[in-house]
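Inspection log for the structure reproduced underneath, given as structure tokens.
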Amino acid sequence: MSALVKLRIDAVSKVMSGYECHAGTPAAPERLKALLPSGVSWLSCALPANGKARTAFVSAGSEKAFLTSTTM
């Protein structure tokens with residue numbers, strides 16, 4: 001499952017400081033690619049998982065985040 005969402009700036013900061021993040025670019029499905037902002041330096045942040053791989057892609061100063069969840 002993939003989703004492009006809008007978060008509060010403080011929520012983006014919380015994700016960036018609360019989880020292990022590293023440079024990465026979301027592999028968005030074709031229908032969502034056009035909605036991703038261009039020129040953004042994304043951070044890939046691994047989220048807690050319960051049998052799923054969950055990742056949030058965020059960028060400092062941006063309200064947009066790209067979320068993925070994959071069943072393992």
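As the structure is a prediction and not an experimental result, all values here were calculated from the model.
Think of I9 as one node in a network of Ile, Leu, Val, Met, Phe, Trp and Tyr side chains linked at under 4.5 Å; it has no links at all.
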Could you list the donor-acceptor pairs under 3.5 angstrom formed between side-chain atoms of residues 17-35 and any protein atom two or more places apart in sequence or on another chain?
from: S17; atom 1: OG; to: S13; atom 2: O; distance (Å): 3.1
from: S17; atom 1: OG; to: K14; atom 2: O; distance (Å): 3.4

Tabulate below the donor-acceptor pairs under 3.5 Å that side-chain atoms of residues 41-49 make, not counting sequence neighbours, or state none.
none

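Sorted by first and then second residue, the salt bridge (charged side-chain N to carboxylate O under 4.0 Å, His left out) pairs involving residues 57-71 (not counting sequence neighbours) are K6-E63. Within the structure, no pair that satisfies the salt bridge (charged side-chain N to carboxylate O under 4.0 Å, His left out) test touches residues 35-48, not counting sequence neighbours.
Expressed to the nearest 0.5 Å, how far OG of S59 lies from CG of L36 amounts to 11.5 Å. M1 contributes atom CE, which lies 5.0 Å from atom OG of S69 (distance to the nearest 0.5 angstrom).
Contact between S62 and V12 at its shortest, heavy atoms only, is O-CG2, 3.3 Å. Residue V15 comes nearest to A56 through the heavy atom pair CG1-CB, 4.4 Å, listed as atom of the first residue, atom of the second, then distance.
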Between L67 and V5, is the side chain to side chain contact (heavy atoms under 4.5 Å, CB included) condition met? List the steps.
CA-CA 8 Å; L67 308 176; V5 299; 3.9 Å; yes

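L4 and V58 fall into different hydrophobic clusters, where Ile, Leu, Val, Met, Phe, Trp and Tyr side chains are chained together by heavy-atom contacts under 4.5 Å.
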